[in-house]
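Below, read A as the first sequence line, B as the second, and so on, with proteins coming before strands; counting in each chain starts at 1.
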There are 2 protein chains.
Amino acid sequence: MREFLKTKGFKMTPQRELIFRAFFEHGDHVSVDELYDKVRELDHTIGYSTVWRNLKLICKVGLAEEVNLGDGVTRYDRVTQVPHGHLFCTNCKKLIEFNVDQVVGLLAQVSRDHAFAPDSFKVEIHGLCAECSAKTEQIKNPEQVKS
Amino acid sequence: MREFLKTKGFKMTPQRELIFRAFFEHGDHVSVDELYDKVRELDHTIGYSTVWRNLKLICKVGLAEEVNLGDGVTRYDRVTQVPHGHLFCTNCKKLIEFNVDQVVGLLAQVSRDHAFAPDSFKVEIHGLCAECSAKTEQIKNPEQVKS
DNA sequence: CGACCATTGAAAACGATTTTCATTTTCAAT
DNA sequence: ATTGAAAATGAAAATCGTTTTCAATGGTCG
């Protein structure tokens, strides 16, 4: 990792090491706040902006991607070999990944059709997960509404 | 429209009328700021929050949807009979729509597989449009980099 | 008319993101 | 080892889009 960054003109520091490690171990779909908390447990002197900058750096070197689900917080998603879509529960904010192999084929063709140079595909399904779907039914039931 | 809103418990006002009209005429993919400017040309006394609230209202009654492309501004997209995806140029912010008929079939199945109650599907391709793609090539060319 | 409640506009609050700045640290070349 | 340039850090402040507050206004319905 140290060498990988060096070739791109970045330096390694203890803070960076910690943040990178925390991200890749605990990583998927963390927000800055979440990773900040995680990192703070290991070193309570690390600043928020350092975590933020390093998350951005991880994106810049292509190891993560920002995910924007419309709830006001940016999450950071590891870039893996397997592209995937997200099922996002707008109620409990749960995030479930799903395979998009078939979809990317279609999207690649769309890109070609528009002479568009794609950087990333985003495929999301927003709605209610099984659990929240059940709960919401209850809430809709007049008997359950708090008064 | 007046009646449609009334059935949902909302009132019609001159401001609302103007904002709705502006949105549906000039509507697609506007941000609050853009619609605010547009509306201000017609009535410079309308407040920003009124525009914002009415865009939210249009969403609430199901006539529009928020679109979040990760550049920090929420755009509002008319809900039409034809679902569509977005090609988003991260350089010039241009937005091109494309047909997603084939994709929605796949996503509906994914939802079923996860007992997920989908509210909306988001299909986006981020990258560079044909024009920006060409320009970026020039920038990458050392001859063109400003010094 | 009169009561009620949604709506409005201005301003303030909010909250996540991003920048600033002084200081410290890394790293490559001595 | 030493050093100098460039990068990184932490705290605080700035930014900026979004959202709320509040007093005043205005639409709807009995």
Side-chain angles (χ1 to χ4, degrees), chain A residues 1-23 29-37 39-40 42-61 64-76 90 93, chain B residues 1-23 29-40 42-61 64-77 90 93:
Chain A
M1 186 76 257
R2 187 181 210 86
E3 290 310 314
F4 170 73
L5 284 176
K6 203 180 290 187
T7 65
K8 306 218 171 195
F10 300 107
K11 296 171 179 175
M12 183 49 77
T13 66
Q15 295 92 333
R16 179 159 292 167
E17 168 120 32
L18 198 60
I19 294 167
F20 273 53
R21 191 187 305 285
F23 177 72
H29 307 137
V30 287
S31 61
V32 182
D33 283 17
E34 286 164 355
L35 193 60
Y36 174 67
D37 289 347
V39 161
R40 271 265 162 160
L42 305 170
D43 177 348
H44 67 90
T45 70
I46 290 185
Y48 184 91
S49 39
T50 300
V51 175
W52 177 80
R53 280 186 288 235
N54 275 291
L55 234 14
K56 287 286 192 187
L57 178 64
I58 294 174
C59 290
K60 194 180 326 191
V61 299
E65 253 185 8
E66 298 193 339
V67 182
N68 236 293
L69 296 159
D71 67 341
V73 280
T74 302
R75 271 163 254 260
Y76 294 81
T90 49
K93 316 298 178 197
Chain B
M1 186 78 255
R2 186 180 212 87
E3 290 310 315
F4 170 73
L5 284 176
K6 201 182 291 186
T7 65
K8 306 217 170 196
F10 300 107
K11 298 172 180 174
M12 182 49 77
T13 67
Q15 295 92 333
R16 179 160 292 169
E17 168 120 30
L18 199 59
I19 294 166
F20 273 54
R21 191 188 306 285
F23 177 72
H29 306 136
V30 287
S31 61
V32 181
D33 283 17
E34 285 164 355
L35 193 62
Y36 174 67
D37 289 346
K38 198 62 74 183
V39 161
R40 270 264 162 163
L42 304 170
D43 178 346
H44 68 87
T45 69
I46 290 185
Y48 183 90
S49 40
T50 300
V51 176
W52 178 79
R53 280 186 286 237
N54 276 291
L55 273 173
K56 287 286 190 184
L57 178 63
I58 294 173
C59 291
K60 196 183 319 194
V61 299
E65 252 185 9
E66 299 193 339
V67 182
N68 235 293
L69 296 159
D71 66 343
V73 280
T74 302
R75 273 162 252 261
Y76 294 82
D77 194 5
T90 49
K93 316 298 178 197

**Asked** In whole angstroms, how far is the C1' atom of dA12(D) from the CH2 atom of W52(A)?
**Response** 15 Å
**Complete:** Atom NZ of K8(A) and atom P of dA7(D) are separated, to the nearest Å, by 16 Å
**Complete:** As its Watson-Crick or G-U partner within any shown strand, both distances under 3.5 Å, dT25(C) has dA6(D)
**Asked** Are a donor atom and an acceptor atom from the side chains of E65(B) and Y76(B) found within less than 3.5 Å of each other?
**Response** no
**Complete:** Between CG of L18(B) and P of dG9(C) the distance, given in whole Å, is 10 Å
**Asked** How close or far is atom C1' of dA6(C) from atom CG of L57(B), stated in whole angstroms?
**Response** 11 Å
**Request:** Examine the base of dG9(C) for any acceptor or donor lying under 3.5 Å from a partner atom in the side chain of R53(B), and report the outcome as yes or no.
**Result:** yes
**Item:** Short side-chain N/O contact to dG17(D) OP1/OP2 from T74(B), under 4.0 Å
**Value:** no
**Item:** Note: E34(B)-K38(B) ion pair, threshold 4.0 Å (strictly below)
**Value:** no
**Request:** Have a look at F10(B) and say if it touches a base, only the backbone sugar-phosphate, or nothing, with a 4.0 Å heavy-atom cut-off.
**Result:** sugar-phosphate
**Prompt:** Which of the following nucleotides, dC27(C), dG17(D), dT28(D), is nearest to the side chain of V73(B)?
**Reply:** dG17(D)
**Message:** Both T13(B) and E66(B) contact DNA chain D. Which one's nearest nucleotide lies toward the 5' end?
**Reply:** E66(B)
**Message:** Less than 4.0 angstrom between a side-chain N/O of T50(A) and OP1 or OP2 of dG10(D), yes or no?
**Reply:** yes
**Message:** For a quick test of reading the model, state the closest non-hydrogen atom pair linking I46(B) to Y36(B) and the distance between them.
**Reply:** O-CE1, 3.5 Å
**Request:** Over all heavy atoms of both residues, which pair between R75(B) and H29(B) is shortest? Give the atoms and the distance, please.
**Result:** CG-O, 3.1 Å
**Sugar-phosphate, base or nothing in reach of S31(B), heavy atoms under 4.0 Å** = nothing
**Asked** Could you give the OH-to-P distance, from Y48(B) to dG17(D), as a whole number of Å?
**Response** 7 Å
**Message:** Between F23(A) and N54(A), does the side chain to side chain contact (heavy atoms under 4.5 Å, CB included) criterion hold? Intermediate values first, please.
**Reply:** CA-CA 10 Å; F23(A) 177 72; N54(A) 275 291; over 6 Å; no
**Asked** Does S49(B) place a side-chain N or O at less than 4.0 Å from the phosphate oxygens OP1/OP2 of dT8(C)?
**Response** no
**Request:** Would you kindly give the OH-to-C1' distance between Y36(A) and dA16(C), to the nearest whole Å?
**Result:** 14 Å
**Prompt:** Using a cut-off of less than 4.0 Å, is there contact between a side-chain N or O of K56(B) and OP1 or OP2 of dT19(D)?
**Reply:** yes
**Prompt:** Can you find a side chain N or O atom of R16(B) that sits less than 4.0 Å from OP1 or OP2 on dT8(C)?
**Reply:** yes
**Request:** To the nearest Å, give me how far apart CZ (R2(B)) and P (dC29(D)) are.
**Result:** 10 Å
**Asked** Between dA10(C) atom P and H44(B) atom NE2, what is the distance in whole Å?
**Response** 10 Å
**Asked** Looking only at side-chain N and O atoms, does N54(B) come under 4.0 Å of OP1 or OP2 in dT7(C)?
**Response** no
**Message:** Taking 4.0 Å as the cut-off, does a side-chain nitrogen or oxygen of Q15(A) come that near to OP1 or OP2 on dA8(D)?
**Reply:** no
**Prompt:** Looking at K11(A), does any N or O in its side chain come under 4.0 Å of the phosphate oxygens OP1/OP2 on dT9(D)?
**Reply:** no
**Item:** Smallest separation among heavy atoms of L55(A) and V32(A), with atom names
**Value:** CD2-CA, 4.0 Å
